[in-house]
Amino acid sequence: MGSTPQAQFAQNEADSADNDTVRHENPNEYRESGNPAQLETWLMDRMVENIDESAVQLEDGNYDRAGRYVGDEYDAYLDQYLDVAGQTEGEDHAELFEAIREDQSQITDAAQRYQELRDEYERARDAGDEARARELARELDSVATTATETGTQLRDQYDELEESTDANLSESERSIETVTEDIRSSQETIRGEQFVATGLSVDADREEISFLEPLTGTGRLRTAEGEPVGNRPIELEIGNGSVRTETDADGAFEFEYRPVEEPLTTEELEIEYAPANESIYLGSTTSVPVSISQTDPSVTDLETPAAVTYNDTAAVSGTLVVDDVPVDNASLAVTFGGERIETTETTNGSFDVDVTVPAGVPAGEREFGVRLEHEDRALAATPVTNQVTVRETDSELSVTATRTAADGRMVDVNGTLETGGGEGVAGEAVRVDVDGTTVETVSTDENGAFGLTATLPTGSEDVEVVATYDGSESNVASATARTTTGSTAVARLWGRLPMWARIGIGIGVLATLCAVVWWRRFRPAGPADTAARERSTSDDGAAPSVADRSRVEIARSLLEHGRECLADGRPEQAVEMGYAAVRHALSGRETASSALTHWEFYRNWQRGRDAASVDGEDDSALLRTVIERYEQTTFGVADVSREEAEVVLESATRLCEMGSSPSTESTRTGGDA
């Protein structure tokens with residue numbers, strides 16, 4: 001049961017409380033009947049309410065609650081909305097609701113992380129640990145950037161949702177703006193305590209660049225007050241790469257940058273001074289205009305194995321250069337049979353990586369090599385390969401089939417695909433046929449195992465189950481395994497017995513059971529029997545059944561959740577929890593069906609009971625109070641107040657206490673035709 005079990009039902013018609021045709025439908029199964037547009041609106045309203053509550057809780061610093069409001073309950077509403085939105089003619093806002101959920105979760109996590117780090121920072125600062133305080137201050141700077149950027153994006157999404165729906169998220173927007181402004185203000189104070197702001201300027205020697213004609217230039221690094229950041233090594237992050245250089249006494253420096261993975265569409269490169277964590281300086285950025293020409297690299301000394309088999313470890317090495325200039329920090333894809341199976345990176349042009357040979361490369365002569373990871377970049381992909389012999393590996397396929405259902409129609413099929421040496425083959429497709437018909441094609445797990453459950457034809461006995469692995473597109477040999485499943489062994493033996501034998505065995509079993517019952521009833525009771533009866537019997541002499549205990553436990557859990565909802569300011573959900581608790585506590589075997597509407601449940605309860613009271617109050621009045629408020633919450637337009645929700649929870653609690661009493665069992669099983 002989800003957080004709002006009864007709220008996840010839509011009522012087809014509610015013209016009258018006495019209409020016996022009223023039914024609830026689970027939105028997951030909601031199709032043509034009823035009013036999908038109305039249900040869609042209801043689900044959107046619930047998600048907007050959760051967004052609002054999450055933002056308010058975030059502003060109050062209740063991070064766990066803020067996260068829960070856009071957690072499982074929100075996801076359940078969104079899943080139902082996805083089902084229903086496809087049936088309506090209105091605009092589908094599922095992607096926007098999903099984006100809001102993700103960003104609201106992210107800003108909640110960032111705000112909580114910022115608070116935790118700030119507390120730690122203040123402790124380190126107060127203790128005089130300057131190195132640790134500065135390290136934490138820099139981490140806080142990163143988290144603050146994430147929070148403020150996410151907050152800006154989230155407010156834009158609020159605006160988009162408001163423009164396309166009737167939602168009003170002004171309160172959420174104000175809360176998020178308050179949170180991000182608090183973080184921004186706090187971080188400005190911390191920056192002032194720990195860091196010195198800097199300014200970066202760069203003059204490039206050329207605008208048209210390539211790997212062989214790198215970006216070269218000069219620059220200067222100063223503080224915000226104009227003082228040079230001099231005589232120190234610095235790192236510059238340029239585009240998708242970086243360079244290291246050193247400033248002189250005036251803060252001046254020179255640099256050279258060879259583009260490797262920059263897109264050919266790049267029109268300017270951002271250059272950022274990236275100080276070390278322990279530095280007292282803040283980073284700063286500038287940019288220069290560029291146009292990039294593509295260059296073809298080459299791979300020298302490519303080394304690959306001459307021959308491989310499945311699951312071998314293959315070493316791949318070589319050097320990536322452009323006109324004998326080593327290419328550093330380039331991402332390379334290792335390819336086998338035309339497919340990428342691994343990624344590595346060059347260091348001063350060199351690469352050396354071990355890869356595992358997969359089963360999916362067919363046996364025979366195949367290409368094994370490397371290429372640059374991306375297309376249309378400063379360096380062309382330029383694949384380079386060697387010919388490698390892929391040898392076929394023997395395989396062994398096993399399969400078992402076990403009947404599980406009482407009627408013998410369900411069968412569990414399990415098996416393994418292994419090499420001849422007993423090594424599991426992962427990620428390969430195995431086709432399963434039952435009685436000549438393909439049931440399913442399943443994939444083996446990391447151990448080579450597979451399994452499924454199939455339904456057999458009615459009255460089937462001996463049925464052949466065949467598992468087939470087609471290795472024509474792999475380097476593991478094809479294999480087939482078969483087994484036979486009939487009726488269970490006991491059933492097959494029983495079926496072979498003549499009728500007189502079956503009758504004789506049946507009479508013998510019945511006589512044995514009768515003797516056991518007589519002996520247990522009339523034998524003298526021992527101390528252990530007396531103690532057991534005392535333990536299992538309540539004070540009034542009735543022993544609650546397992547079903548009773550289960551209903552009571554569920555009802556108590558729902559009531560507790562309802563009180564939590566009320567404490568969190570969600571009276572509607574509190575009412576829904578109270579109603580759900582009553583349904584569980586008061587439902588007997590005949591009334592437990594969830595297909596009954598709330599009023600059908602009420603009338604069914606009335607027919608199957610005698611007049612009773614709870615503390616002098618008619619229990620039917622209590623039940624009617626719960627149901628009326630539930631109907632108002634689920635299908636009405638007016639909001640439910642906190643006071644009304646409290647009345648529902650109090651009434652539900654008293655009804656559930658009555659429902660847990662063994663003496664009421666006779667009234668609960670009054671029956672519904």
Side-chain angles (χ1 to χ4, degrees), residues 57-67 103-154 176-200 219-238 241-249 251 253 255 270-286 329 345 347:
Q57 295 294 334
L58 176 58
E59 182 183 4
D60 292 342
N62 299 321
Y63 303 113
D64 289 341
R65 286 185 179 180
D103 282 347
Q104 197 131 332
S105 296
Q106 183 172 355
I107 195 173
T108 299
D109 292 342
Q112 182 174 11
R113 179 61 177 160
Y114 186 87
Q115 181 63 52
E116 293 168 351
L117 287 172
R118 188 173 66 180
D119 292 343
E120 188 177 354
Y121 162 77
E122 290 172 352
R123 289 193 296 269
R125 181 198 58 193
D126 295 344
D129 189 348
E130 294 183 5
R132 178 59 179 160
R134 188 170 296 124
E135 181 182 357
L136 289 166
R138 198 171 296 284
E139 189 173 353
L140 279 165
D141 214 48
S142 175
V143 176
T145 299
T146 298
T148 53
E149 290 178 351
T150 305
T152 299
Q153 183 170 298
L154 190 56
I176 296 299
E177 187 172 4
T178 299
V179 170
T180 53
E181 182 57 35
D182 287 347
I183 291 176
R184 185 164 43 244
S185 175
S186 173
Q187 195 56 27
E188 285 179 1
T189 301
I190 292 174
R191 288 193 190 108
E193 292 173 349
Q194 295 293 332
F195 299 116
V196 176
T198 63
L200 177 68
R220 193 175 297 274
L221 184 63
R222 295 188 176 95
T223 67
E225 287 73 27
E227 297 294 323
V229 181
N231 298 321
R232 65 178 56 238
I234 62 171
E235 180 177 357
L236 300 175
E237 293 183 354
I238 305 177
S242 63
V243 298
R244 293 183 179 275
T245 184
E246 190 169 326
T247 61
D248 62 16
F253 59 86
F255 71 96
E270 184 176 273
I271 302 175
E272 179 182 0
Y273 162 53
N277 281 341
E278 63 273 12
S279 173
I280 65 170
Y281 295 106
L282 284 173
S284 51
T285 61
T286 187
N329 297 323
E345 193 169 273
T347 302

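- Side-chain contact check for Q106 versus E149: every heavy-atom pair is 4.5 Å or farther apart.
- Each of T148, D103, I107 was checked for a side chain to side chain contact (heavy atoms under 4.5 Å, CB included) with Q153, and the lone residue meeting it is D103.
- A heavy-atom distance below 4.5 Å is found between the side chains of E193 and Y121.
- Annotation: side chain to side chain donor-acceptor pair (under 3.5 Å) contacts of R191 (sequence neighbours excluded): D141.
- Note that the CD1 atom of I271 and the CD atom of E237 stand 11.5 Å from one another [nearest 0.5 Å].
- Between R123 and E120 there is no salt bridge, since no side-chain nitrogen of the basic residue lies less than 4.0 Å from a carboxylate oxygen of the acidic one.
- Contact check for I234 versus T245: side-chain heavy atoms found under the 4.5 Å cut-off.
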>> Under the criterion side-chain contact (heavy atoms from CB on, under 4.5 Å), I'd like the reasoning laid out for E116 against Y63: C-alpha separation, chi angles, the key distance, then a yes or no.
In response: CA-CA 11 Å; E116 293 168 351; Y63 303 113; over 6 Å; no
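- Checking side-chain atoms of N62 against main-chain N and O of R65 turns up no donor-acceptor pair under 3.5 Å.
- From R134, atom CZ reaches atom CD1 of I280 across 6.5 Å, with rounding to the nearest 0.5 Å.
- Of all heavy-atom pairs between L58 and A111, the closest is CD1-CB, 3.8 Å.
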>> If you apply the rule side-chain contact (heavy atoms from CB on, under 4.5 Å), what do you find for L221 with S284, and how did you get there?
In response: CA-CA 9 Å; L221 184 63; S284 51; 4.0 Å; yes
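- Atom-to-atom distance recorded for S185:OG and D182:CG is 7.0 Å, nearest 0.5 angstrom.
- Looking at every heavy atom in both residues, R244 comes nearest to E235 through NH2-OE1, 3.5 Å.
- Taking every heavy atom of both residues into account, G251 and P228 meet most closely at N-CB, 3.8 Å.
- Distance OH/Y273 to OG1/T247: 8.5 Å, rounded to 0.5 Å.
- Atoms CZ and CG, from R138 and L117 in turn, are 14.0 Å apart once rounded to the nearest 0.5 Å.
- Nearest heavy-atom pair, R220 versus F253, reported as atom, atom and distance to 0.1 Å: N-CE2, 3.4 Å.
- T150 places no side-chain N or O within 3.5 Å of a backbone atom of A147 that could act as its donor or acceptor partner.
- Atom CG of residue D64 and atom CD of residue Q112 lie 6.0 Å apart, to the nearest 0.5 angstrom.
- Between A66 and T108 the shortest heavy-atom distance is CB-CG2, 4.0 Å.
- Across all their heavy atoms, I183 and Y114 have their closest contact at O-OH, 3.7 Å.
- Here the side chain of R125 pairs no donor or acceptor atom with the backbone of A133 at under 3.5 angstrom.
- Around CD of E130, the count of heavy atoms belonging to other residues, nucleotides or ligands within 6.0 Å does not exceed 12.
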